[in-house]
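Comments concern the structure below.
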Amino acid sequence: MDAYELITRNAEEVVTDEEVEELAEDPEGKRVYVGYEPSGVLHIGHMLTANKLIDLQEAGMEVVILLADVHAYLNGKGTFEEIEATAEKMRKQFLAYGLDDEKTEFVYGSDYQLDDDYALDLHKLELDTTLNRAQRAMAEIQGDETAKVSHVVYPLMQALDIEYLDLDLAVGGLDQRKVHMLMREELPEIGYDARPCLHTPILADLGTGEGKMSSSSGVTISMEDSTEDIEEKVNSAFCPPTRDPEGDLENPVLEIFQYHIFPRFETVVVERPDEYGGNLEYDDYEALADDLESGELHPADAKGALATYLDKLVAPGREKLRELEQ
RNA sequence: CCGCCCUUAGCUCAGACUGGUAGAGCAGUCGACUGUAGAUCGACUUGUCCCCCGUUCAAAUCGGGGAGGGCGGACCA
């Protein structure tokens, strides 16, 4: 797999393709980031962007993880002390998950976001951005809450972070799209370069297969889950024997194979009783999805394998959490 | 500062006028059927009715006070 392919695989959107192609020509030492509001426990959504970061490290890039404590504060997630504690837990789980300690730089937002020059640049952005625009950028992150002033400052800081962390590429879920577009428009207005960005998809709800509605309600897999929890959640997942379920629905089991399992494992072995034809082995996602579609692979067997591999991904983080509690 | 509206199950809300031990839809849980899930049947669960004080035999409901949330306040029409 060449660098460009590795950098862009499984991305839902690349902005712009030309700019990323240029990065891919010499990825060594280029800086990329994802910003996370600290939460004590890593979940499957964090893991999805982390997978992309691992790809980028493999391509030779330097990864910056922003532990966005100030953002969390602005989003009403608690006191700084509380946020700090969860951020540290989060950092350790990312390392346990498989990010390279040598090539990963963890930065707290509060390390630089309270400096004078940052604050002045932020005000410059405020002066240049309409309330309406900032609020729209924030809508996905904010949910149903009534907008506070802190909520409109939030995306402006995200834009500014990309300059202050000296990045070459910004990564995020598709829910970050409007924030990144704001960044691309506004950074040049205050004299900085717009950066390219890369968006991972938002996977469908595991329980219902309903897509595109970011985080919120449904079943989620996290580092807190025991092996049994994972088996149970995966077993109760929506999984018709097809790649394209009726209507707007997606097949979340296939999605997890595509975005979480195959990027991290060379081969996937589906254990199957002789009664149903014995074990199956796959080297890539397409082969597995084809077999599910054709009926060669039964959803129940696919789920068994999915739970096994998901558990392998979660196990180190789960272990780390256990250590931290002692 | 002033005015109006809202607060009841996890969610959206009914019930308040006319006091009598709290309801619906969705969600959730459990069975049946499928070698998964869903769909479909069948059953089940769910409460600080925002808080305090008062009236009353009895308050989600009436009265007073408070909290939280939403919307509004010029001119023009």
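Residue numbering restarts at 1 for every chain, and letters A, B, ... go by the order of the sequence lines.
Comparing the C1' positions of B:U55 and B:G69 gives a spacing of 29 Å, expressed to the nearest Å. Comparing B:C13 with B:A22, their C1' atoms sit 14 Å apart, to the nearest whole Å. If you take atom P in B:C41 and the same atom in B:A16, they sit 32 Å apart, rounded to whole Å. Using atom C1' as the reference point in both B:U61 and B:G19, the two lie 6 Å apart (nearest Å). For the P atoms, the distance from B:C52 to B:U8 is 16 Å, rounded to whole Å. Using C1' as the reference atom, B:C51 and B:A67 are 7 Å apart when rounded to the nearest Å. Nucleotides B:A9 and B:C49 are separated by 9 Å at their P atoms, to the nearest Å. When the P atom is used for both B:A39 and B:C30, the distance is 14 Å, rounded to whole Å.
The side chain of A:F238 lies closest to B:G38, out of B:G35, B:U36, B:G38.
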Pairs of donor and acceptor atoms involving the side chains of residues 38-47 of chain A, under 3.5 Å and at least two apart or interchain, shall be tabulated with distances.
from	atom 1	to	atom 2	distance (Å)
A:S39	OG	A:V41	O	3.2
A:H43	ND1	A:G45	N	2.9
A:H46	ND1	A:H43	N	3.0

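In this structure, the separation between CG on A:N51 and OH on A:Y259 is 11.5 Å, given to the nearest 0.5 Å.
Rounded to whole Å, the distance from NE2 on A:H298 to P on B:G38 is 14 Å. Taking atom CG on A:L306 and atom P on B:A37, their separation rounds to 15 Å, with Å as the unit. For A:L292 and B:A37, the CG to P distance is 15 Å, given to the nearest whole Å. Between the CG atom of A:L288 and the P atom of B:U36 there is a distance of 18 Å, rounded to whole Å. Between the CZ atom of A:R272 and the C1' atom of B:U36 there is a distance of 14 Å, rounded to whole Å. One interatomic measurement links the two molecules: CG of A:D301 to P of B:U36, which rounds to 11 Å at whole-angstrom precision. As rounded to whole Å, 17 Å separates atom P of B:U36 from atom CG of A:L206. Rounded to whole Å, the distance from CD on A:E246 to P on B:A39 is 14 Å.
Under the salt bridge (charged side-chain N to carboxylate O under 4.0 Å, His left out) criterion, A:E13 pairs with A:R177, sequence neighbours left out.
Residue-to-nucleotide proximity on RNA chain B shows that, of A:G207 and A:E232, the 5′-proximal contact is made by A:E232.
No close placement of the A:Y282 and A:F257 rings is indicated, their centers lying 6.0 Å or farther apart.
A 3.5 Å limit on both hydrogen-bonding distances identifies no Watson-Crick or G-U partner for B:A74. Of all nucleotides present, only B:A24 satisfies the Watson-Crick or G-U wobble test against B:U12, with each distance under 3.5 Å. Nucleotide B:U7 has B:A67 as its partner under the Watson-Crick or G-U criteria, with both atom distances under 3.5 Å. Pair assignment for B:U56: none, as no Watson-Crick or G-U wobble contacts are both less than 3.5 Å. Look at B:G35: it lacks any Watson-Crick or wobble partner with both distances under 3.5 angstrom.
Look at A:R243 and A:E286 and you find a salt bridge, because one of the NZ, NE, NH1 or NH2 atoms lies within 4.0 Å of a carboxylate O, short of that distance. Ion pairing between A:K320 and A:E323 holds under the 4.0 Å rule for side-chain N and carboxylate O. Ion pairing between A:E105 and A:R31 holds under the 4.0 Å rule for side-chain N and carboxylate O. The residues A:K233 and A:E224 are annotated as not salt-bridged, no charged nitrogen and carboxylate oxygen being separated by less than 4.0 angstrom.
As judged by a 4.0 angstrom heavy-atom cut-off over every strand, A:P241 is placed among the base-contacting residues.
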Name the pairs: protein N/O against N/O of nucleotides 69-72 of chain B, kept only if under 3.5 Å.
from	atom 1	to	atom 2	distance (Å)
B:G70	OP1	A:T146	OG1	3.3

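A:F106 and A:F94 have tilted rings, their planes meeting at an angle from 30° to 60° on a 0 to 90° scale.
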